[in-house]
Amino acid sequence: MDQEYYLELSENPVQFENASSVNNVFFDEANKQVFAVRSGGATGVVVKGPEDKSPIAFRMDDKGEVKCIKFSLGNKILAVQRTPKSVDFTNFIPDFPHLEFSHECKTKNANVLGFCWTNWNEIVFVTDQGIEYYQVLPDKRSLKMLKSQSINVNWYIYCPETAVLLLSTTVQGNVLQPFAFKNGTMSKMPKFEIELPMVPKPAKISLSERDIAVSTIYGQLYVMYLKHQSRSTNSSGAEVVLYHLPREGAFKKTHILKLNTTGKFALNVVDNLVVVHHQSSQTSIIFDIKLREPDCAVNVHQPVLPARSIHPYKIPLTGPTAASVPCELYSSSWSVFQPDIIISASEGYLWYLQVKLQPTVNLLQDKGKLMDFLLRRRDCKMVILSVCSQMLDGGEKGNLPVIATVFDKLNQVYKEYLEAEQAYTVALESGPSRFSSSYKRPVRTQAVIDQSDMYTHVLSAFTENKDVSHKFIIAVVMEYIRSLNQFQITVQHYLYELVIKTLVQHNLFYMLHQFLQYHVLSDSKPLACLLLSLESTYPPAHQLSLDMLKRLSTANDEIVEVLLSKQQVLGALRFVRSVGGHDNVSARKFLDAARQTEDTMLFYTIFRFFEQRNLRLRGNPAFNPGEHCEEHNSYFKEVFGEQTLMKSAAV
Amino acid sequence: MLMISPRMASGTQEKQYTPSLLSFFIYNPKFGPREGEEEKKILFYHPIEVEKNEKIRNVGLCEAIVQFTRTFCPTKPAKSLHTQKNRQFFHEPEENFWMVMVVRNPMIEKPSKDGKPPTVEYQEEEILDSVYGAVLQQCYSMYKLFNGTFGRSFEAGGVELLIQKLEKFFYRYLQTLHLQSCDLLDVFGGISFFPLDKMTYLKIQSFVNRVEESLSLVKYTAFLYNDQLIWSGLEQDDMRILYKYLTTSLFPRHTEPELAGRDSPLRPEVAGNLLHYGRFLTGPANLKDPEAKFRFPRIFVNTEDSYEELHLIVYKAMSAAVCFMINASVELTREFCEQLDALVGPQLTLLASDICEQYNINRRISGPEKEPQFKFIYFNHMNLAEKSTIHMRKTASVSLTSVHPDLMKILGDINSDFARVDEDEEIIVKAMTDYWVVGKKSDQRELYVILNQKNANLIEVNEEVKRLCATQFNNIFFLD
């Protein structure tokens, strides 16, 4: 059971002073900072962010209850809201006056619902009557209005990642108006309506901000709506409806996540997975919107994995004892923020929610689906490789089709990366001026499992496994080679070596021969050499090797060496002549080989050939001293007589 | 029983007779060593009508010849005996088991004038030892494929069993020997491989592996397309003879049901919506038939070492045929056949159309200029790969060649020359009319080309052959 917790809280949480009557705690989603404000700031404000080791601590005058407190990006300016009308600012930029200044919202009779920083010096006030977009001028200690828009607002949600602000409008609150902010400009995006399960009469606010979350999933902005529905005959309980908000174009209802239960839920997005926490059952489920379900206009998804609790978490006790107490999970004091933050204000902890991949392996039986799931996760490499190993060692019957599917899925991703890499190289070469800026070097994610990964972590150990039949080993490696070929990926030599080694070990030379005959093992010099080395146990390997060298067309020297080593001196010479290299070869090498055969007529023929060559090239049949053929020359004289030596043509 | 097929020579009244089988017998001298017991040596004798004493005499003569020639070379006794009227071939496939085939020489019958009986002229030199020696060896290999070795049968059931098996097999087999159309290809006993791209080949590999995994009873698999081999899980020698059986006997007996008319009973049934063209070529013709028998031919492989007896299931979909070989000790049931049919049928149908498509693409790419205008025979001793543009499609009855028998004889002669030495060689022969015959031997490969060019000289012929090698054999190492 312990292996089955696939969600966990981060090991190093951000710790802060827990909320109490004297200490108010605020969380800023933009900077992911926790503010602990003691006595309205008079006895200190401590700001802790995820990365900063040293918290920012300062004091401010207690000018009333703090409703909202946030730094601008980069901790340059602090904004504090204490009244419904105005927001107070303090510079944190060195060399700027540190004095607080205040700004009141422009719209008459409006109440400021809150504010959000869109930049280090740009801020949006959200009031119940609209939004006001300002630039903060810290040196002048004033704000400059950039833009405003009047609209009735019930509540708002801001997504700092995309700088998109979502306003709830109309009486029922279910018409959402998004605005996008960028470099001082504000653009109104098309509004859209959330379909409510039932329309109340008379009309009243029916959509709560608690049921809406905004997050980016797979690089796209989604509005997630938690649609509460009681379980009945025609409904399977609550669901999460995802609305896709493209940068351009109309929003679209794209996904429905079936929760199959009812109650209190909270949403997180971790590693592009939508995590739905269910409080009453103290479990969570995850959805992957890219896992394709049967095609229909709106994708309906079931949880990827069965519901499980978050991994139990222990809070270490302070003091000399190293004891710890279990943390209450799914506590009602928990607050959940996007994308992956869980805060327990009462205990003073901020955790990041994390997905553990290893436990998913046993929970998802369908290996193809499991691979689809894993390949989209961030830290997937080792898990994928371990799944592969496990799959191969399992030796279950009817496994090959599954293995083939898995290999195809891995190689699909591998191929896409190789293509992107190639396109990038081509773009670079075609001229830096035109493409260098638009073409980014493709990022190699962990999902790219190449041949060397596969070889090192899976195949080499698998082929050594004595409990697996060699038939299965060959089938698996061939399947991998098939998959690589299918995606037109060049197969690395070591994979061929693996096949050959296994075949040779089991004396399956005829199989090897057939593979080579159909060029399944692609030609290469190393492979040809490997074949040559097999000649003593399997004589036909000699022919296979020579054929391969011939096809390579860059291995003529090797062919000559092979022939000479077989004492086929004449054959070697004829070959050299056929490829037009006979003017450049070393005469000595051929004469040496001819001498070794102890066939004097052969020696005569070879000697004569080179004499004629010398004559043709230099007008003289004699060998140059540099050719080191003196020994052969004297041998020739000794056997055939001096008069047999060719005479110089010069008359 | 003489099988004589007269061939009319053009223009004259001469009658030409092709070589034919006179007799065929198998004996073991150890079975009747004592005088008066000679008949016990004879295990099989064709024609059966021959009088007992003549049988004994013929066997005794062979025994004597072999014994006599052994004194000259103990390891290599006589292989054949040439006489004016016939030629005898001797083969000892297993110790003391002798097979003898007597072939009557081809002859020409000349009608004589004045009502005298016609004169017969035997053409003693027309037939080749290598060709008919190979035919005899093939007889044994084929027998062994379906019956195992002589020795094993004898051990299992004594002479009675062996005789029974020999009679059962050779009675039918000898009728299928077409001695008049034997040629160089019988010497090679090669395998024609189907040309295929790497990817499709890998798909076939994958298919074979999957089937062997899910039907673990299957021990060996062989895959053929268009009667050409693509994959063999069997060892080379076993595959060679199985291939021979499949392509000259089994396949020709089964016409393509795909080509049959809509209402033909051969047309495959549509089972549910799973349409596939798979069917059994051995075993049950129709799985649905409640009377169907699930008996398959048995074959013997690896007789040198593990000596395995296997069921031979041949399953075919369109032009793709697969042999599944299963240990004979397992009884094959209807359930197994249904399982195999359901698993293999759809996959093989798909694969067959894939191969066909890919083959057509490749042919289109390589273009018509690669189509050989040459008549040649190629053989590689290493993988037994054989290719002939001289032979038409082999059928059960005859193998048709497109060249004159005299040219075929020259090819055989060149081959015999090559067999005598190990070195690479090249022989160019000027034949009658405008024909040239070229034989090349490089390492373990042999190539025979027949050229017909008006007034060509030796140099031109040599150039022409070089051109052929460059286009047809550019991807192998072939010394010129």
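Residue numbers begin at 1 in each chain, while the letters A, B, ... track the order of the sequences. What you see is a predicted model; the values in this text were computed from it and never measured.
The aromatic rings of B:Phe418 and B:Tyr448 sit tilted relative to each other, their planes meeting at an angle between 30° and 60°. By the 30° and 60° cut-offs, the orientation of the rings of B:Phe223 relative to B:Phe207 is perpendicular.
Only the side chain of A:Ile559 comes within less than 4.5 Å of a heavy atom in chain B; its backbone stays farther off. Heavy atoms of B:Gln205 lying under 4.5 Å from chain A belong exclusively to its side chain. Both the backbone and the side chain of A:Gln543 come within contact range of chain B, with heavy atoms under 4.5 Å apart. A:Lys566 does not touch chain B: none of its heavy atoms, backbone or side chain, sits under 4.5 Å away. Interface remark: B:Leu234 contributes backbone atoms only to the contact with chain A (heavy atom separation under 4.5 Å). If you measure heavy-atom distances from A:Glu479 to chain B, the contacts under 4.5 Å come from the side chain alone.
Aromatic rings of A:Phe515 and A:His513 (six-membered ring for Trp) have centroids beyond the 6.0 Å cut-off, not under it. Taking the six-membered ring for Trp, B:Tyr359 and B:Phe194 have ring centres closer than 6.0 Å.
Ranked by non-hydrogen atom pairs under 4.5 Å with chain A, the options B:Gln444, B:Met239, B:Gln236 are led by B:Gln236. Your options are B:Asn380, B:Leu229, B:Val208, and the one with the most heavy-atom pairs under 4.5 Å with chain A is B:Asn380. Comparing A:Lys550, A:Met478, A:Gln486, A:Met511 by how many heavy-atom pairs each has under 4.5 Å with chain B, the most go to A:Lys550.
Under 4.0 Å is where a charged nitrogen must lie from a carboxylate oxygen, and between B:Lys440 and B:Glu425 no such pair does. Using a cut-off of 4.0 Å between Lys/Arg side-chain N and Asp/Glu carboxylate O, A:Arg577 and A:Asp583 are scored as not salt-bridged.
Counting only heavy atoms from C-beta outward, the side chains of B:Ile313 and B:Met325 never approach each other to under 4.5 Å.
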